[in-house]
Amino acid sequence: MSQIRFYNTLSKKVELFEPLEPGVVRIYSCGPTVYSHPHIGNFRSFLMADVLRRFLEFQGFTVKHVMNITDVGHLTSDADVGADKLEEAARKEKKDPLQIAQFYIDSFKTASALLNLKPADIYPRATEHIGEMIAMVETLIKKGHAYVVGQNVYYDVCTFKNYGKLSGNTLEELNAGARIEINPEKRHPQDFALWKHDPHHIQQWDSPWGRGFPGWHIECSAMSTRYLGEQFDIHTGGEDNIFPHHECEIAQSEGVTDKRWVRYWLHARFLMFDGEKMSKSKGNLYTIQQLVEKGFKKQAIRYALISSHYRQNYNFTFDGLKAAEQAVEKITQCVFLLRQAADRAGMNIRHEVADVIQAAVDGFAEAMGDDLNMSKALAHVFELVRDANRLADASGAEARMLLTAFERIDSVLGILESAAGEIPADITALAEERKQAKLSKNWARADQIRNELTAKGYILEDMPGHEYRIKRKEA
Ligand code: AMP
Ligand code: ZN
């Protein structure tokens, strides 16, 4: 296995990856706030985590992946003011917050399945983990990291000497540029709410400090600890999660345990549209469903969102999506032909073929191990496509070996349709009928069948000895 390296937002360096427990990787990903349909920008971040997880599994690790669902506490402003996004949606849509959450959880899961994301091992919901959050806040108060004012609880950032170590937003830096609204309850303007009292909030729970609801950041600290332990390997999110969300998560979790919490922090840069971050608040968004309704294939949408390096902004365009469709078609077509060739006789495997396969799979793994360098990894895939297409005379054994390589690579990419190589029975029946028509010199019927097949999206290529090969028509 080649070495795996990731850029760690914490150290700002590319580091060798080694999990805490040999052979096992624990990953926590910040999931959706379920107040509207997720957009393709959200999915760029979720897909980064999916590709990361799939690649680690490709390398033989057992992965435990947790992705939370935020269904309370995420306010419209990062500075502890503004409405709870979920409650705002509930009021607007005249529904219960629980109904809103369920509706958009379903939407998120449908879109995830469409884009072939491997389901996380668990999707914990904030509203179902209030007990764990309260326990954590109590410990923070006991340890002097948090204080109570009335029925609110705040984290005292001055008590955590490493505040700012992830984002670079140290207290000195923040104070210098202080623009934050002064909340007279807070000891320091950067202190953040762990528990909030608001009589108008719809979702409320009993706590030692009165009825209220949790802050957004405490949710991820509490749920990650519950399912992954006090220390784990990788935490992912989009770049806007770095501050304040992840900075505050570190202060909370390490404030409780006094241990280093997460070893590697991976953040996806934004998906942009028309030069701006795609976001729910700006409304400049596309959902997966909208793109599918426009006629784009789900495999192409997935490919477009994973094909550029996750640490570079991805500028979404329809031309880019069309190019993604062609790229997916090229790979699918190649695999389609290989699946037919796999039935051929012949057990010989030429050295040249075995070498080409080895070089492609190794090159792919090495590129992915280089901080998930997807463009370089894809270059190896297309080299393999070119080589496989050149090997039209491959033996059955060679075709099967090539197929295995594509399937292994696709365990990471996740873009091949599972039935890519299966020719529907009616198509094979027509192709056979045409062969018989040609044998009995019924050229008119043979031509008619060829046209029928073309209309159904398949092309017949004649081979020597009245044999034929069926190709899918390019999309
Ligand atoms: P939210 O549903 O707003 O909590 O966001 C869910 C995830 O999507 C978070 O990890 C965000 O950082 C991420 N995200 C939001 N907008 C974008 C974008 N335009 N590009 C990439 N990731 C994004
Ligand atoms: Zn989070």
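Just the heavy atoms: all of them, side chains too, but no hydrogens, waters or symmetry mates, feed the values below. Order of listing sets the numbers, starting from 1, for every ligand and every atom in it. Everything numeric here is computed off the predicted structure, so don't read it as measured data.
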If you look at each N/O of ligand 1, which protein N/O atoms lie under 3.5 Å away, and at what distance?
| residue | atom | partner | partner atom | Å |
| --- | --- | --- | --- | --- |
| ligand 1 | 2 (O) | Thr33 | N | 2.9 |
| ligand 1 | 2 (O) | Lys280 | NZ | 3.1 |
| ligand 1 | 4 (O) | Thr33 | OG1 | 2.7 |
| ligand 1 | 5 (O) | Asn42 | ND2 | 3.4 |
| ligand 1 | 8 (O) | Asn42 | ND2 | 3.1 |
| ligand 1 | 10 (O) | Gly238 | N | 3.1 |
| ligand 1 | 10 (O) | Asn241 | OD1 | 2.7 |
| ligand 1 | 12 (O) | Gly238 | N | 3.2 |
| ligand 1 | 12 (O) | Asp240 | OD1 | 2.4 |
| ligand 1 | 12 (O) | Asn241 | OD1 | 3.4 |
| ligand 1 | 19 (N) | Leu271 | O | 3.1 |
| ligand 1 | 19 (N) | Met278 | O | 2.8 |
| ligand 1 | 20 (N) | Gly41 | O | 3.4 |
| ligand 1 | 20 (N) | Leu271 | N | 2.8 |
| ligand 1 | 22 (N) | Gly41 | O | 3.0 |
| ligand 1 | 22 (N) | Ser45 | OG | 2.8 |

Any salt bridge between [X] and [Y], counting N to O under 4.0 Å?
X: Lys142; Y: Glu138; result: no
X: Asp121; Y: Lys64; result: no
X: Glu21; Y: Arg26; result: yes

**Message:** When you compare the side chains of His235 and Glu249, does any donor N or O come within less than 3.5 Å of an acceptor on the partner?
**Reply:** yes

**Fill in**
Sorted by chain and number, protein N/O/S atoms nearer to the Zn ion (ligand 2) than 2.8 Å are Cys30 SG, Cys220 SG, His245 NE2

**Asked** What salt bridge (Lys or Arg N to Asp or Glu O under 4.0 Å) pairs are there with at least one residue in residues 34-50, not counting sequence neighbours?
**Response** Asp50-Arg54, Asp50-Arg302

**Asked** What do you reckon, is NZ of Lys118 surrounded by more than 12 foreign heavy atoms closer than 6.0 Å?
**Response** yes

**Request:** May I ask you to check whether over 12 heavy atoms, not counting those of Glu366, lie within 6.0 Å of atom CD?
**Result:** no

**Item:** With sequence neighbours excluded, residues passing side chain to side chain contact (heavy atoms under 4.5 Å, CB included) with Ala388
**Value:** Cys334, Leu338, Leu402, Phe406

**Prompt:** To the nearest 0.5 Å, how far apart are CG in Leu291 and NZ in Lys298?
**Reply:** 14.5 Å

